[in-house]
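A short worksheet on the structure shown next.
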Amino acid sequence: LIPFEFNTTQTYILEFGHLTMRVIKDGGQVLSSGSPVSITSPYADTELADLNLKYSLTHKMPFFKMKVRLKKEIVTLGINNISPSRIVGQYVEPEDWNDFIADENVILIDTRNNYEVSIGSFENATNPNMKNFRDFPNWASKNLFNDKENLKDKKIAMFCTGGIRCEKSTSYLKSLGLDKVYHLNGGILKYLEKIPEHQSKWKGSCFVFDYRVSVKHDLKIGDYDMC
């Protein structure tokens, strides 16, 4: 989630040729494509210079036009007053993730939709079987908050594609009083980028929302097509 005021970014938007951008009150998400210089130069010497960027190589242009959407939520949880800029779970770096989730006191939760989980996830992760992210509060109510006593000594670790859904889900759980809430910094994509396959706890491919459909370790294009 990129924190900024929308009116201060309008000049930057015009410098991109191919992007999808979603903006809300608390921040925004930018997916842009181009040469390395054209992608990084608009951020240099601005308040956006310290962004946590994720890079992936491709032989095709994934975005064919500039699209900017002003939304109430980047990803729709459907709960008011949940703001990751105010409260959010603790980040776990990709390099530390394997050891962290190996702890028997960790409850590992995949916060993505069921069709995404079906092609890949982390070993021993819980799949909430969600059709969309709006289902998460109801799932949490039935599967976490109905047994809060047993959560006292547990840590909840969540992950998603790029980290944004986890910003919302960890913020939501912490707003309801859970303290030991963690998430994978940079999401699955940053993990697949940084962790060698022979050390990885990831199984399968990661669904992505562009023509690639899925990616594997080292962010290589996966073996799936849309139908």
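- Atom CG of Asn124 has 12 or fewer heavy atoms from other residues, nucleotides or ligands within 6.0 Å.
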For Glu123 and Ser200, what are the C-alpha separation, side-chain angles and deciding distance, and is it a side-chain contact (heavy atoms from CB on, under 4.5 Å)? CA-CA 10 Å; Glu123 296 176 359; Ser200 177; over 6 Å; no
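- Following chains of ILVMFWY side-chain contacts shorter than 4.5 Å, one can reach Met130 starting from Ile109, so the two form part of one hydrophobic cluster.
- In this structure, the side chains of Asn185 and Trp97 stay at 4.5 Å or more apart for every pair of heavy atoms.
- In this structure, CG on Leu173 lies 4.5 Å from CE on Met158, to the nearest 0.5 angstrom.
- Using a 4.5 Å heavy-atom cutoff, the side chains of Cys166 and Leu184 are not in contact.
- Counting only heavy atoms from C-beta outward, the side chains of Leu189 and Cys206 approach each other to under 4.5 Å.
- Using modelled atom types, no side-chain atom of Ser121 and backbone atom of Val117 make a donor-acceptor pair closer than 3.5 Å.
- In this structure, Tyr91 has its ring center closer than 6.0 angstrom to the ring center of His183.
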side-chain contact (heavy atoms from CB on, under 4.5 Å) assessment of Lys216 paired with Asp223: CA-CA 9 Å; Lys216 301 183 290 188; Asp223 301 318; 3.7 Å; yes
Can you check side-chain contact (heavy atoms from CB on, under 4.5 Å) on Leu144 and Trp139, steps first, answer last? CA-CA 8 Å; Leu144 295 177; Trp139 179 87; 4.0 Å; yes
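- Ile164 and Val88 sit in two unconnected hydrophobic clusters of ILVMFWY residues. Membership requires side-chain heavy atoms under 4.5 Å apart, directly or through other members.
- Here the side chains of Ile119 and Ser214 are in contact, with some heavy-atom distance below 4.5 Å.
- Between the side chain of Ser141 and the backbone N or O of Pro137 there is no donor-acceptor pair closer than 3.5 Å.
- Between Thr111 and Pro128, the closest side-chain pair of non-hydrogen atoms is not below 4.5 Å.
- Placement of Val208 and Ile195 within a single hydrophobic cluster is found when ILVMFWY residues are connected by side-chain heavy-atom separations under 4.5 Å, directly or transitively.
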Report the C-alpha distance between Tyr191 and Val92 in whole Å, list the side-chain angles of each, state the deciding distance to 0.1 Å, and finish with yes or no for side-chain contact (heavy atoms from CB on, under 4.5 Å). CA-CA 11 Å; Tyr191 180 91; Val92 180; over 6 Å; no
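- By the 30° and 60° cut-offs, the orientation of the rings of Trp202 relative to Phe159 is perpendicular.
- Here the straight-line distance linking atom OG of Ser118 with atom OH of Tyr224 works out to 7.0 Å at 0.5 Å rounding.
- Between the Arg86 side chain and the Asn81 main chain, a donor and an acceptor come within less than 3.5 Å of each other.
- The aromatic rings of Phe136 and Phe133 lie parallel to each other, with less than 30° between the two planes, well short of the 60° mark.
- In this structure, Tyr115 has its ring center closer than 6.0 angstrom to the ring center of Phe207.
- A distance of 6.0 Å separates CG of Leu178 from CG of Leu151, quoted to the nearest 0.5 Å.
- Between Leu77 atom CG and Tyr172 atom OH the span is 7.0 Å, to the nearest 0.5 Å.
- The only member of Lys180, Lys154, Lys155 that meets salt bridge (charged side-chain N to carboxylate O under 4.0 Å, His left out) when paired with Asp103 is Lys155.
- Distance alone, capped at 3.5 Å, is enough to place a donor-acceptor pair between the Asp135 side chain and the Lys131 backbone.
- Side-chain contact between Thr161 and Glu116 is present, with at least one heavy-atom pair separated by less than 4.5 Å.
- Side-chain atoms of Ser171 come within 3.5 Å of backbone atoms of Ile87 as a donor-acceptor pair (strictly under, hydrogens ignored).
- Contact check on Lys220 versus Glu197 returns no salt bridge, with no Lys/Arg side-chain nitrogen under 4.0 Å from an Asp/Glu carboxylate oxygen.
- Note that the OG atom of Ser175 and the CD1 atom of Ile82 stand 3.5 Å from one another [nearest 0.5 Å].
- Contact annotation: the side chain of Asn113 approaches that of Arg165 to within less than 4.5 Å [non-hydrogen atoms, C-beta and beyond].
- Between the side chain of Gln199 and the backbone N or O of Pro196, no donor-acceptor pair lies under 3.5 Å.
- Rounded to the nearest 0.5 angstrom, Ile156 CD1 and Asn105 CG are separated by 12.0 Å.
- Between Asp110 and Thr126 there is no side-chain heavy-atom pair separated by less than 4.5 Å.
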